[in-house]
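Scroll down for the structure; my scribbles are underneath it.
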2 protein chains.
Amino acid sequence: MRSSVGEAGVLPLKWSIVLHVTAVPEEQPAWRQRAVERSTRAAKLRAEQRVQRFLDAAQELIAEKRTTDFTVQEVVDRSKQSLRSFYQHFDGKHELLLALFEDALSKSAAEIRETAGSESDPLQALRLAVEMLFEQSLSNPGVERPLFSDFALQLLVKHPSQVATAHLPLLTVFTELVEQAEDAGAIPAGKPRRQASILMQTVMFVAQGNGVPAGSHAAAVSAEEVWQFCLGGLSGVPVRN
Amino acid sequence: MRSSVGEAGVLPLKWSIVLHVTAVPEEQPAWRQRAVERSTRAAKLRAEQRVQRFLDAAQELIAEKRTTDFTVQEVVDRSKQSLRSFYQHFDGKHELLLALFEDALSKSAAEIRETAGSESDPLQALRLAVEMLFEQSLSNPGVERPLFSDFALQLLVKHPSQVATAHLPLLTVFTELVEQAEDAGAIPAGKPRRQASILMQTVMFVAQGNGVPAGSHAAAVSAEEVWQFCLGGLSGVPVRN
DNA sequence: GTGAGATGAGAATGATATTCTCACCGACAT
DNA sequence: ATGTCGGTGAGAATATCATTCTCATCTCAC
């Protein structure tokens, strides 16, 4: 229905955007529905292309400036469209960023799923997944995903539920991996969804707080260490308590 | 040298602020130094009081509005001083927030240290500490620390090294607790500082992502669960790998 | 061809942070 | 006593953005 930054159009998309793009009253008779539908389809396509151009422009800017501090004007200029048009399609900069964010996480989830899927040992698969997530969540390497590090946190504060939604694809993947590991007896059975949730938080944010030279304190943690920690966490405490 | 929101004046302070307050050339003869010192001491005190009034005002506003979205003007008005003066003492709103943030974390660390210190069993002490940190990092309860949830993340993005500095007091406390637990043989020996670091990140951010009703997905994680996870992480994986 | 909705160009608004101007004051060295 | 100087208050002036508005134009389905 809506879009996707690159081409793999999946994810659940943003409501407001949908409302803008398809303003079709639901209570009309079916024939009218179809009529409007026919006469609108093209417009819808055009709209999606425009939206896409905005998204692409924003993506470029983020990649270049390594931050989400670009101005709406810049996006507009680069996409060779107009402010008028921008606000016609997005509720605001926030919606734009959210769309990109969801998209990035969704893609990341897909990558991880694929890579991990090619590993037969469930525990190794999980390990791979953790390491991938860790790398992608680092702030410094300046991958094409400053979204993870930058906007993510801002969002985490103002609209936590949207973050939850955006995390869903990743959470799903990790939940599956945890379940498989448990089924295989590699780790004791538990509540996979919650375990996956804690796991993700741990990996993502430990990576986060890592992109700091921080000369003095704050020992840089490696993917390996995080994995060990998480594995222990999932495996439970050996004896007491 | 600098300040503290309430009264317990501890923490390492902010450089820029110090530079503003004491602009004393170091290469003067000693007598002159002392002279200047004498003639400056009073001014320094006045300055600190002013700074303190800004900090107090900001703290009040945060408590009231439950957010860091207050305007500098509001702080100025409430503290009955002037914009001019504000910028004389702070590099900007950012510095003000940073000061409050450091202060909050510092106090939190003190509380945790004290509470945990009254527990003789090292493992229980660590557990207590984890639970306290978890509670204090929750977003919803609207405690008097929207700093943890709100500004903290913004900061995490733009000035990670300052976050590291701010985290230091907490990191120190947790490192001690981990060391004690290891010394007591409650958990296997490791690298206490790094372990404490991962531990903190996990606890704080899992708590973070928790303040969400999020009707559908995202199972709310409890302090207990986090503790179990972290304990496992610290204890290491029982057998394989 | 016509009319409704979409667009472009760019001005206007609104909210804030930050800087600047200028008059004043109070401590202090001489 | 007095002149200097840094700090201050009051508030105007700037600067930066996001967001909205105006109006002329364009496009497409009919």
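Letters A, B, ... are given to chains in the order of the sequence lines, protein chains preceding strands, and every chain is numbered from 1. Just so you know, these numbers use all the heavy atoms, side chains as well, and skip hydrogens, waters and symmetry mates.
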In whole angstrom, give the distance that lies between atom CG of A/Asp69 and atom P of D/dC17.
8 Å
Hey, does B/Arg50 reach any base, or is it just sugar-phosphate, or nothing, if we go heavy atoms under 4.0 Å?
sugar-phosphate
Tell me, please, which residues at least two apart from B/Glu131 pass side chain to side chain contact (heavy atoms under 4.5 Å, CB included).
B/Arg127, B/Ala223, B/Glu224
Taking the side chain as every heavy atom from C-beta outward, state whether A/Phe54 and A/Ser85 have any pair of such atoms under 4.5 Å apart.
yes
Take atom CD of B/Glu95 and atom P of C/dT18, then tell me their distance rounded to the nearest Å.
10 Å
Nearest whole Å is fine: how far is C/dA17 C1' from B/His94 NE2?
14 Å
What is the distance from CG of A/Leu97 to P of D/dA18, rounded to the nearest Å?
10 Å
What integer distance in Å separates B/Leu45:CG from C/dG26:P?
18 Å
salt_bridge(A/Lys107, A/Asp103) N-O dist < 4.0 Å
yes
side-chain contact (heavy atoms from CB on, under 4.5 Å), paired with A/Phe70, selected from A/Arg78, A/Glu60, A/Glu64, A/Lys93
A/Lys93
Take B/Arg46 and A/Phe86, find for each the nucleotide of DNA chain D with the closest heavy atom, and name the residue whose nucleotide sits nearer the 5' end.
B/Arg46
Whole-Å gap separating C1' (C/dT16) and CG (B/Leu96):
15 Å
Would you kindly give the CZ-to-P distance between B/Phe90 and D/dT8, to the nearest whole Å?
12 Å
Atom of A/Leu100, atom of A/Leu55 and distance for their closest heavy-atom approach
CD2-O, 3.8 Å
Counterpart residues, side chain to side chain contact (heavy atoms under 4.5 Å, CB included), relative to B/Ala166 (two or more places apart):
B/Phe101, B/Glu102, B/Leu105
Side chain to side chain donor-acceptor pair (under 3.5 Å), that's the test. Do B/Ser79 and B/Gln81 meet it? Break it down for me.
CA-CA 5 Å; B/Ser79 70; B/Gln81 292 176 90; 3.3 Å; yes
Which residues share a side chain to side chain contact (heavy atoms under 4.5 Å, CB included) with A/Arg46, sequence neighbours left out
A/Ala43
For the helix from C/dG1-D/dC30 to C/dT30-D/dA1, how many degrees between its two end axes (five pairs per end), to the nearest 10°?
10°
Do A/Arg84 and A/Gln88 have side-chain N/O donor and acceptor atoms under 3.5 Å apart?
yes
Over all atoms of both residues, closest heavy-atom pair of B/Val76 and B/Leu83:
CG1-N, 3.6 Å
Return the value, rounded to whole Å, for the distance between atom CZ of B/Phe54 and atom P of C/dA17.
14 Å
Taking 4.0 Å as the cut-off, does a side-chain nitrogen or oxygen of A/His89 come that near to OP1 or OP2 on C/dT7?
yes
Enumerate the residues from residues 70-78 of chain A whose closest heavy atom to DNA chain D is under 4.0 Å, giving them by residue number; use none for an empty result.
A/Phe70, A/Thr71, A/Val72
Do B/Glu111 and B/Gln136 meet the criterion of a side-chain donor-acceptor pair at a distance under 3.5 Å?
yes
A/Gln162 vs A/His94 side-chain heavy atoms within contact, under 4.5 Å
yes
B/Ser85 side chain N/O closer than 4.0 Å to the phosphate oxygens (OP1, OP2) of D/dG9?
yes
Take nucleotides 20-25 of chain D nucleotide by nucleotide from the 5' end and write B, S or -, depending on whether a protein heavy atom sits under 4.0 Å from the base, only from the sugar-phosphate, or from neither.
BBB---
